[in-house]
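Only this structure's heavy atoms are used, side chains among them; waters, hydrogens and symmetry mates stay out.
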Amino acid sequence: MCPVCGDTVSGYHYGLLTCESCKGFFKRTVQNNKSYTCSESQDCRIDKTQRKRCPFCRFQKCLRVGMRLEAVRADRMRGGRNRFGPMYKRHRALKQQKNALLQSHGLKAEYTPDLISPPTRTPFNFTNININTTPSDTITSDLHTQTHSGYSFYQNEPRHESPQYYHVSPLGALYSPVHAMAVIGDCSGIPGIPQAQCSGSFSAQGPALPHLLVEFLRCELDELQVRSKIIGRLEQMQGEGGSGGYGATHMYLMVDQMLFYIVEWARGSVFFKELKVSDQMKLLHHCWCELLVLDMVSRQLQHGRQGSLVLVTGQEVDLPALVSPAGPLLRTLVQKGQDLVESFRKLQVDRNEVVCFKFLILFNTDVKHVENQSFVENVKEQVHRALLEYTLCAYPQFLDKFDKLLLCWSDLCALSTLAEEYLCSKDICGEVPCNNLLNELLHAKHHSM
DNA sequence: ATAGCCTTGATT
DNA sequence: AATCAAGGCTAT
């Protein structure tokens with residue numbers, strides 16, 4: 001599918017696989033130096049049926065997905081090859097490799113259609129939802145402006161007979177590709193990734209990410225904001241409830257708050273927000289604990305030191321002190337948690353992979369009685385694809401990282417099951433404060449089983 | 001202006 | 001000689 005409009009791809013054009021019509025549109029726009037204006041808010045949906053409606057947004061999208069201005073020839077020379085040739089070749093090879101890997105994981109090699117459909121807003125009624133705390137989405141990516149100036153498109157010295165390439169379109173200045181931060185590896189030569197981001201040489205900026213991953217990063221809540229809100233809420237409750245100190249109650253309240261923000265994240269997330277509330281709840285009832293465990297594990301990766309546990313609040317808990325008075329269940333829980341953190345660390349699991357993981361966990365196809373099962377399956381497959389593409393691209397020297405990540409996931413599931421059992425036992429003992437989200441989630445699972 | 005089909009020509 | 005991504009042409 002054409003990344004611009006979704007029509008059928010006819011080959012590589014101006015840097016990536018697009019359809020014939022977007023190829024022509026891009027060519028006309030750049031050759032004739034056209035400038036368009038958008039009569040809406042510059043975010044028109046571009047698809048096969050609507051692509052004619054707003055050329056401004058269509059061209060924006062062409063640039064955003066990575067079509068190259070420089071590939072339009074200033075001298076209009078026909079035929080021949082440009083220096084993208086080898087890049088297209090590499091891309092084909094990579095795709096083949098990817099498909100082989102996908103197939104080995106039982107996924108279809110063909111691309112599945114984009115699932116983003118018009119949003120439907122519906123109320124959501126988990127108990128204990130404080131309306132006043134609405135964490136604002138944070139764009140974790142960095143906006144940059146690409147420069148096209150003075151770049152010889154040919155690898156060799158430009159000869160007189162060679163085509164001289166363009167083009168600094170007046171619209172080019174509007175091009176703001178979304179970058180990701182802190183990516184390692186080399187994606188140079190992958191079509192669709194603008195050269196500035198891709199050149200591998202000194203890429204503090206790193207290569208561009210799969211489109212889906214960028215969407216996922218957009219859905220992330222701001223960690224610091226969440227932290228301060230949770231701290232505020234906990235202080236407030238300690239003031240009210242009286243039970244001060246850092247006992248178990250404090251922990252449960254904190255977990256409860258974490259769950260609140262996990263739900264908040266999910267509700268605002270791409271794909272998930274398209275689901276009916278009943279389906280959303282079924283998925284969350286199933287995976288909240290996995291998300292919780294992943295959240296804690298990934299926090300240890302960022303800040304944690306061995307022998308201590310860093311909480312959402314930023315507090316550091318000494319593990320030996322936590323474990324020594326604990327029962328056997330909590331002990332194994334802590335031990336397995338440490339093991340998991342260790343294997344994540346060994347694998348060099350990065351933030352982008354964690355973000356993909358969250359979506360893999362959320363869109364679990366094993367959840368029963370979900371109305372829109374096919375949607376969930378489709379999303380899961382797309383996430384798989386994005387994660388695989390990312391690992392191959394960001395860690396090309398580490399080809400089985402994807403497989404190892406999936407192995408880690410099953411460890412995480414096992415740990416989550418243990419954690420849930422632990423919380424359940426504590427809930428039955430009456431140690432978990434009542435009327436909160438944690439209770440609801442603990443009970444929901446049992447009712448549905 | 002759009003988009004499907006046609007022609008071209010360096011690279012393989 | 002075959003390939004295939006550039007540009008060109010032309011009904012709609």
In whole angstrom, give the distance that lies between atom OH of A:Tyr14 and atom C1' of B:dA3. 13 Å
Do A:Arg28 side-chain and B:dA3 base share a donor-acceptor contact under 3.5 Å? yes
Using residues 408-418 of chain A as the side-chain source, report each donor-acceptor pair under 3.5 Å to any protein atom, sequence neighbours left out, with the distance given to one decimal.
from     : atom 1 : to       : atom 2 : distance (Å)
A:Ser410 : OG     : A:Leu407 : O      : 2.7
A:Ser416 : OG     : A:Glu290 : N      : 3.3
A:Thr417 : OG1    : A:Cys413 : O      : 2.9

Can you measure A:Arg73 atom CZ to C:dA5 atom P for me and round it to whole angstrom units? 12 Å
To the nearest Å, give me how far apart CG (A:Asp75) and P (C:dG7) are. 9 Å
Most 5' of A:Arg78 and A:Pro55 on DNA chain B, judged by nearest nucleotide: A:Pro55
Can you tell me if the side-chain N/O atoms of A:Gln31 get under 4.0 Å from OP1 or OP2 in C:dA6? no
Counting only side-chain heavy atoms from C-beta out, which of B:dT2, C:dG8, B:dA1 sits nearest to A:Arg76? C:dG8
Less than 3.5 Å between a donor and an acceptor, one on the side chain of A:Arg81 and one on the base of C:dT3, is that the case here? yes
Is the distance between the ring centroids of A:Phe84 and A:Tyr12 less than 6.0 Å? no
Provide, to the nearest angstrom, the distance between the CZ atom belonging to A:Arg83 and the C1' atom belonging to B:dT11. 16 Å
Below 3.5 Å, does any donor atom in the side chain of A:Lys23 face an acceptor in the base of B:dG4, or the other way round? no
Can you measure A:Arg68 atom CZ to C:dA6 atom P for me and round it to whole angstrom units? 11 Å
Looking for any heavy atom pair under 4.0 Å, which part of the strands does A:Arg53 touch: base, sugar-phosphate only, or nothing? nothing
Nucleotide nearest A:Asn82 (side chain, heavy atoms from C-beta), chosen from C:dA6, B:dA1, B:dA3: C:dA6
Nearest of B:dT12, C:dC4, B:dG4 to any side-chain atom of A:Lys89? B:dT12
By the salt bridge (charged side-chain N to carboxylate O under 4.0 Å, His left out) test, which pairs, at least two apart or in different chains, include something from residues 364-376 of chain A? A:Lys276-A:Glu371
Name the closest nucleotide to the A:Lys52 side chain, picking from B:dG4, C:dA6, B:dT2. B:dT2
How many whole angstroms separate atom NZ of A:Lys34 from atom P of B:dA1? 4 Å
A:Tyr36/A:Phe25 aromatic ring centres below 6.0 Å: yes
Euclidean distance, atom CE of residue A:Met67 to atom C1' of C:dA5 [Å, nearest integer]: 12 Å
A:Lys27 has an atom NZ; how far is it from atom P of B:dA1, in whole Å? 14 Å
Keeping A:Lys61 on the side-chain end and A:Val4 on the backbone end, is there a donor-acceptor pair under 3.5 Å? yes
Under 4.0 angstrom between A:Tyr88 side-chain N/O and B:dT12 OP1 or OP2: no
